[in-house]
Amino acid sequence: MPKADSHPTRCPVVEQIDSAVTRVSAIVPGAPKDDIRLVRLIHSVAADMSARFDGMLRPHGLNETDFRTLMQLFCSPEGQAHPSDLSQLAAQSRTNMTRIVDSLVERGWVSRYASDVDRRRIVLAITKEGEALVKRLLPQFHPKLSSFLSILSRDEKRTMTEALQKIAASLWMRSNAEENHD
């Protein structure tokens, strides 16, 4: 049993991932074990955090994706964005983003209207009610978020942030390159 002030790096999820990666690498020689392990850990940690945030949001009739979408509008210039931009920022398909936005509009937290510049484009804007909800809920996340990341030093957080930013930029560049070839 680890001491109360120590932080274990092993847990059943990590052990399951390591075991699966070992099995795959035995079946598929040359499999990039470290890369597979890292991606599986990123997915696992993200899913676990999302589930924990969902639990905090459920009493307010929201899930983590709804709240992330509201946050994107809250943080956007003038509290507005186009649905396609939100899809990308919230990592949701356009179809799912339409469902999310419909729900947020129905509850009065987001408004939808045609762009003044191009009437074919839709603009989404956070309402005053949506802003009030974000301002009320956001501070409840800070202690939980700090708790999740408290095991990392400031340098570890900076290193992890920089590494994930590099991956995000690389994926974005590859995605744009693929779109330009189609």
Side-chain angles (χ1 to χ4, degrees), residues 1-58 62-76 81-101 134 137-138 140-182:
M1 183 84 160
K3 289 187 274 180
D5 62 343
S6 71
H7 300 286
T9 57
R10 303 304 296 178
C11 69
V13 172
V14 170
E15 290 172 3
Q16 288 171 354
I17 289 171
D18 285 348
S19 178
V21 169
T22 299
R23 282 191 305 277
V24 167
S25 64
I27 297 166
V28 182
K33 292 191 306 188
D34 291 340
D35 295 346
I36 294 168
R37 181 178 291 108
L38 179 58
V39 169
R40 294 277 310 270
L41 285 168
I42 290 169
H43 278 286
S44 178
V45 168
D48 190 8
M49 284 186 177
S50 183
R52 290 168 190 260
F53 288 138
D54 272 343
M56 293 173 64
L57 291 163
R58 199 170 295 115
L62 291 164
N63 62 41
E64 190 265 341
T65 307
D66 296 336
F67 191 68
R68 194 167 6 118
T69 302
L70 274 176
M71 284 299 302
Q72 289 299 331
L73 286 170
F74 183 77
C75 298
S76 295
H82 297 286
S84 58
D85 299 331
L86 284 180
S87 295
Q88 186 174 15
L89 291 169
Q92 296 295 313
S93 69
R94 290 181 185 211
T95 302
N96 199 41
M97 184 52 64
T98 298
R99 183 196 59 74
I100 293 165
V101 169
V134 168
L137 294 180
L138 193 56
Q140 296 174 27
F141 283 85
H142 296 159
K144 183 72 80 177
L145 187 58
S146 293
S147 171
F148 291 160
L149 301 176
S150 67
I151 60 165
L152 300 175
S153 70
R154 179 177 282 143
D155 286 342
E156 288 171 321
K157 290 176 190 177
R158 186 178 8 241
T159 299
M160 183 176 275
T161 299
E162 289 170 359
L164 290 171
Q165 287 171 333
K166 283 181 182 180
I167 294 169
S170 174
L171 290 171
W172 180 82
M173 289 188 319
R174 289 170 193 257
S175 176
N176 282 343
E178 289 168 4
E179 286 177 12
N180 290 334
H181 280 105
D182 292 341

Practice task
Please say whether more than 12 non-hydrogen atoms of neighbouring residues, nucleotides or ligands are located less than 6.0 Å from CD in Gln88.
Solution key: no
Practice task
May I ask you to decide if the ring planes of Phe53 and Phe141 are parallel, tilted or perpendicular, using 30° and 60° as cut-offs?
Solution key: tilted
Practice task
Find the distance between CG (Leu38) and NE2 (His43) and round it off to the nearest 0.5 Å.
Solution key: 10.0 Å
Exercise for the section: Please test Val134 against Leu73 for side-chain contact (heavy atoms from CB on, under 4.5 Å), starting from the C-alpha separation and ending with a verdict. Expected result: CA-CA 10 Å; Val134 168; Leu73 286 170; over 6 Å; no
Practice task
Drop me the distance from Asp85's CG to Gln72's CD, to the nearest 0.5 angstrom.
Solution key: 10.0 Å
Handout entry: 4.5 Å side-chain heavy-atom contact, Leu137 and Leu62
Key = yes
Handout entry: Side-chain H-bond candidate by donor/acceptor type, Arg99 with Thr95, under 3.5 Å
Key = no
Handout entry: Donor-acceptor contact present, side-chain Ser19 to main-chain Glu15, <3.5 Å
Key = no
Practice task
Specify the closest pair of heavy atoms between Met97 and Leu86, including all atoms of both residues, with the distance to one decimal.
Solution key: CE-O, 3.5 Å
Practice task
First locate atom OG of Ser50, then atom CG of Asn63, and finally report the distance between them rounded to the nearest 0.5 Å.
Solution key: 8.0 Å
Exercise for the section: Taking atom types as modelled, find out whether Arg94 and Thr98 have a side-chain donor-acceptor pair closer than 3.5 angstrom. Expected result: no
Problem - Atom NZ of Lys157: over 12 foreign heavy atoms under 6.0 Å - result: yes
Completion exercise
For Gln140 and Met56 the tightest heavy-atom approach is O-CE, 3.2 Å
Completion exercise
Interatomic distance, CG@Asp34 vs OG@Ser25, rounded to 0.5 Å, equals 10.0 Å
Exercise for the section: Kindly indicate whether the side chain of Ser44, heavy atoms from C-beta on, has any atom under 4.5 Å from the side chain of Ile17. Expected result: yes
Exercise for the section: Could you tell me the separation between the CG atom of Leu138 and the CG atom of Leu70, rounded to the nearest 0.5 Å? Expected result: 11.0 Å
Practice task
Using modelled atom types only, decide if a donor and an acceptor are shared between the side chain of Ser147 and the backbone of Pro143 within a distance under 3.5 Å.
Solution key: no
Exercise for the section: Say whether, by atom type as modelled, one donor and one acceptor occur between the side chain of Thr22 and the main chain of Asp18 under 3.5 angstrom. Expected result: yes
Exercise for the section: Check the pair Arg158 / Asp155 against side-chain contact (heavy atoms from CB on, under 4.5 Å), numbers first and verdict last. Expected result: CA-CA 5 Å; Arg158 186 178 8 241; Asp155 286 342; 2.6 Å; yes
Handout entry: Atom pair CD1 (Ile100) and OG1 (Thr65), whose distance is rounded to the nearest 0.5 Å
Key = 5.5 Å
Practice task
Indicate yes or no: does Arg58 engage Asp54 in a salt bridge with an N to O separation below 4.0 Å.
Solution key: no
